[in-house]
There are 2 protein chains.
Amino acid sequence: MNVERLNVIREVLSSSPVASQDELRRKLRRRGIQVTQATLSRDIHQLRVSKGPGGYSLPNGHAAPAEEDDQAPSVVEMMNSFGLRVVQAMNQVVLSTVMGGAQPVAAALDRAEWPQIVGTIAGDDTVLVICGDARQAAEVGTRLRSMLEP
Amino acid sequence: MNVERLNVIREVLSSSPVASQDELRRKLRRRGIQVTQATLSRDIHQLRVSKGPGGYSLPNGHAAPAEEDDQAPSVVEMMNSFGLRVVQAMNQVVLSTVMGGAQPVAAALDRAEWPQIVGTIAGDDTVLVICGDARQAAEVGTRLRSMLEP
DNA sequence: GACAAAAGTGCATAAGTATGCAAGAGGATT
DNA sequence: AATCCTCTTGCATACTTATGCACTTTTGTC
């Protein structure tokens, strides 16, 4: 299973700076894991790792390995239809929609009952999503953003 | 000077997801700034922007060079006409207005595009203004308060 | 066990990003 | 003015990352 490898990757990334996927590949090889850069690219995407100055870094709140989770079909639909922009601020996520789209999106979010979401407030074209803390808001923001039109 | 461009880049990145430097280049061109991908690569490094799933994102703690504060005459008008009270809480500002005044005030704020403001939500007599953080909310609160009738 | 569907991987290569080099702009010094 | 710096940028290209395709392994079903 590749879960083992993902765990090692997390460990490597958190213990020393890694500048490229090829460097990561060499470090993994030293630990007995031998894969190609292509696979690491996929792993990194799956782990939702981000790259900035100073190399790769794990997501702020380390979420579990790969939780490609449950279908929130309704939310996806609403986001696709109305969603424009997602911005996180502290423990909140501000979700901009086309005019009149906020209410249905908020309703869909309420129905979905994501565990991170404490509640939502909808205006005409903006939904304020209140989460338990900043980490949870980041998760929600990422997830919502991934539902926007590419 | 390139400081102007850096500010616009920050604004673009915070307002909509950007997946690549070339996409950023096109968005900047629409705003009248025309540079090559190479320059953007350097700018992004300078801004310490990081790239993750969901595109580029500004550094968590933003050390921002101050930007100009344009006058937003329209906001002043609206505040004079409808504004009653301004209260800051965390990264938010709650703005009370006369009944029916919230929507126009919020619309004016949206139009003004203050950099500190992430988004606004208007009810009937209350506007919730969401800012990037508490400091920015304080700035916005002070500025709005100064627009109230003495 | 046999088959079908899904997941994981490498290869080759497309897509995206960083950088050495040189050119031009503006400033300071002589 | 001439010269020398420094800063900024574009160009070309090296470097890095993502992905379509084919193949193999795993998982689920009968």
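- In this structure, B/R25 and B/Q21 have side chains that are not in contact, with every pair of non-hydrogen atoms separated by 4.5 Å or more.
- Comparing B/V35 and A/Y56 by the nucleotide of DNA chain D that holds the closest heavy atom to each, the one mapping nearer the 5' end is B/V35.
- In this structure, B/Q21 reaches the C/dA18 phosphate: one of its side-chain N or O atoms is under 4.0 Å from OP1 or OP2.
- Atoms CG (A/L6) and P (C/dG8) sit 9 Å apart, rounded to a whole Å.
- Rounded to whole Å, atom P of C/dA15 lies 12 Å from atom CG of B/D22.
- B/L40 has its side chain out of reach of B/D22: every pair of non-hydrogen atoms, C-beta onward, lies at least 4.5 Å apart.
- In this structure, a donor-acceptor pair under 3.5 Å is present between the side chains of A/Q92 and B/N91.
- Formation of a donor-acceptor pair under 3.5 Å by the A/T39 side chain with backbone atoms of A/V35 is not found in this model.
- Here B/S41 lies in heavy-atom contact (under 4.0 Å) with a base.
- Between the C1' atom of C/dA15 and the NE2 atom of A/H45 lies a distance of 14 Å, rounded to the nearest Å.
- Taking atom CD on B/Q37 and atom C1' on D/dT9, their separation rounds to 13 Å, with Å as the unit.
- For the atom pair B/R5 CZ and B/Q34 CD, the distance stands at 12.0 Å (nearest 0.5 Å).
- Put simply, the side chain of A/R42 and the base of C/dG10 share a donor and an acceptor less than 3.5 Å apart.
- At the heavy-atom level, A/S20 lies under 4.0 Å from the strands shown only through sugar-phosphate atoms.
- Not a single donor-acceptor pair, N or O on each side, falls under 3.5 Å between the base of C/dG10 and the side chain of A/R25.
- Between the P atom of D/dT16 and the CD1 atom of A/I44 lies a distance of 13 Å, rounded to the nearest Å.
- The CZ atom of B/R29 sits 13 Å away from the P atom of D/dG10 (whole-angstrom rounding).
- At D/dT9, none of the side-chain N or O atoms of B/T39 fall inside 4.0 Å of OP1 or OP2 (strictly under the cut-off).
- With C/dC11, D/dT9, D/dC11 as the candidates, the nucleotide lying closest to the side chain of B/A38 is D/dC11.
- For A/R5 and C/dG8, the shortest distance from a side-chain N or O to OP1 or OP2 is not below 4.0 Å.
- Put simply, CG on B/D43 is 11 Å from P on C/dA18, counting in whole angstrom units.
- Between B/L40 atom CG and C/dA15 atom P there is a gap of 20 Å when expressed in whole angstrom units.
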